[in-house]
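Just the heavy atoms: all of them, side chains too, but no hydrogens, waters or symmetry mates, feed the values below. Numbered from 1 within each chain, the chains take letters A, B, ... in sequence-line order.
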Number of protein chains: 2
Amino acid sequence: MKLTRKEEIVIVAAKLFKEKGYSAVSMRDIAQQMDIKAASLYNHIKGKQEILSSLVLHVAEKFTNSTQSITSQDGTALQRLKKLIEVHIDITVHHADAIAALNNDWMHLDGQDLLDFIAMRDQYEENFRSIIKQGIQTQQIKAKEPEVILFSILSTLRTLYLWNEKRGKLEVNVLKKELVSVLISGIV
Amino acid sequence: MKLTRKEEIVIVAAKLFKEKGYSAVSMRDIAQQMDIKAASLYNHIKGKQEILSSLVLHVAEKFTNSTQSITSQDGTALQRLKKLIEVHIDITVHHADAIAALNNDWMHLDGQDLLDFIAMRDQYEENFRSIIKQGIQTQQIKAKEPEVILFSILSTLRTLYLWNEKRGKLEVNVLKKELVSVLISGIV
DNA sequence: TTACAAAACTAACGATTGTTAGTTACAATA
DNA sequence: TATTGTAACTAACAATCGTTAGTTTTGTAA
């Protein structure tokens, strides 16, 4: 599948954003990386903000949709949690750079884009939380502080994009199996 | 204990860096937050870079020293790991803003400061890794991929600064106990 | 070959950046 | 009271920022 010029720009920008953050990357940096001048970028995009919002909102939708779908299907809390972890890993592996922006640069979105992002983020978190609470209720999950469990798993998944480069030869399915085991059963 | 003017600046800057990142915060932003003009900052600091390096290197040393100390004391791998988690929580609770900069803005350090930081970070990680490997060898820890375990625990601890605000009424000692339990024993 | 659209270019804009120079206000000390 | 050091100020600098206007090159279809 052939990429539009705009998509190319977004991909290149994402890589730069990941290295130095949105604010530290100039339009001239992005242009240089594409071997064109900064002004030429504006033939394809409205501005710097559009690059960020394309990047962040697109992958945020993926997360929201997949959790929504898991929550609506049936299954025990643990089955759902496992599925959630696996889906998160899949998205991370395929959109590592975009996730960096989602994690670190979402606050530089403006206007409606920012509101939309926060809404999706909250919904995602709420879905996650409800699965954990369901697990505690059915006693599949130890009755610990649900917020501690939520935070612990979520922060591991959110930071996976950083670690995925060093993943090296570890195959995706092995990673899934190991991470599910560590996050759910612990290490002892 | 009375703070020097420089320390006040660093503290105020840290709070702003946490919100928007180092690059998106201007000297004028920092000055405004202190009710002075930007030029006045330079009576106390050499420049923006010095604010960042004071912030990051200071807390990085804390981490390095504490892991070093734990590694040199005796104890089983699990005892050490538990201690490591607890110390990490203590430092996070007391230096949340600085840790934000350490996590997100370290790449904007320059020259020797950057090299020093990377050295400390690598050493910290290596100490952590050796404890986990020791645990696997003595069979206190399940023989999973050590890198997966390392990553999982470390990313939870590193993101704790974000979550600590929402910690709310959860007392520090409760947090320690819960988090140690979740990270080591899992949730089932 | 001509016509048209896509995508590059040059040049420049106003705003903001980190920082410097030189000066002034104020409090403590001699 | 005179002196001195601290910490503020105003004004401005060169560089860089995102962006716009207008023009030229390039590739494709008629």
To the nearest Å, give me how far apart [atom1] ([X]) and [atom2] ([N]) are.
| X | N | atom1 | atom2 | answer |
| --- | --- | --- | --- | --- |
| A:Leu52 | D:dG18 | CG | P | 13 Å |
| A:Ile51 | D:dT19 | CD1 | C1' | 12 Å |
| B:Met34 | D:dA7 | CE | P | 11 Å |
| A:Ile45 | D:dT20 | CD1 | P | 11 Å |
| A:Gln49 | D:dC17 | CD | P | 16 Å |
| B:Leu3 | D:dT6 | CG | P | 18 Å |
| A:His44 | D:dT19 | NE2 | P | 15 Å |
| A:Gln32 | D:dC17 | CD | P | 11 Å |

Nucleotide nearest A:Lys48 when distance is taken to its side chain, options D:dA7, D:dG18, D:dT20: D:dG18
Start and end of chain A contact along DNA chain C [non-hydrogen atoms, under 4.0 Å]: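 Footprint of chain A along DNA chain C, 5' to 3': C:dA7 to C:dA12.
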Contacts of type salt bridge (charged side-chain N to carboxylate O under 4.0 Å, His left out), residue B:Lys144, not counting sequence neighbours: none
A:Glu7: salt bridge (charged side-chain N to carboxylate O under 4.0 Å, His left out) partners, not counting sequence neighbours: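 Checked A:Glu7 against salt bridge (charged side-chain N to carboxylate O under 4.0 Å, His left out); zero matches.
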Donor-acceptor pair, side chain of B:Glu50 and main chain of B:Ile45, under 3.5 angstrom: no
Short side-chain to backbone donor-acceptor contact, A:Asn65 and A:Glu61, under 3.5 Å: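 Side chain of A:Asn65 to backbone of A:Glu61: a pair is present.
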Aromatic ring pairing A:Trp163/B:Phe151, orientation class (parallel under 30°, perpendicular over 60°, tilted between): parallel
Quiz item: cation-pi between A:Lys48 and A:Tyr22, 6.0 Å / 45°: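 So A:Lys48 does make the cation-pi contact.
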Toward the 5' end of DNA chain C, by each residue's nearest nucleotide, A:Ile36 or A:Arg28: A:Ile36
Residue met sooner reading DNA chain D from 5', once A:Ser26 and B:Ser40 are mapped to nucleotides: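 The answer here is B:Ser40.
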B:His88/B:Phe63 under ring pair (Phe, Tyr, Trp, His ring centres under 6.0 Å): CA gap, chis, key distance, verdict: CA-CA 7 Å; B:His88 206 118; B:Phe63 278 115; 4.5 Å; yes
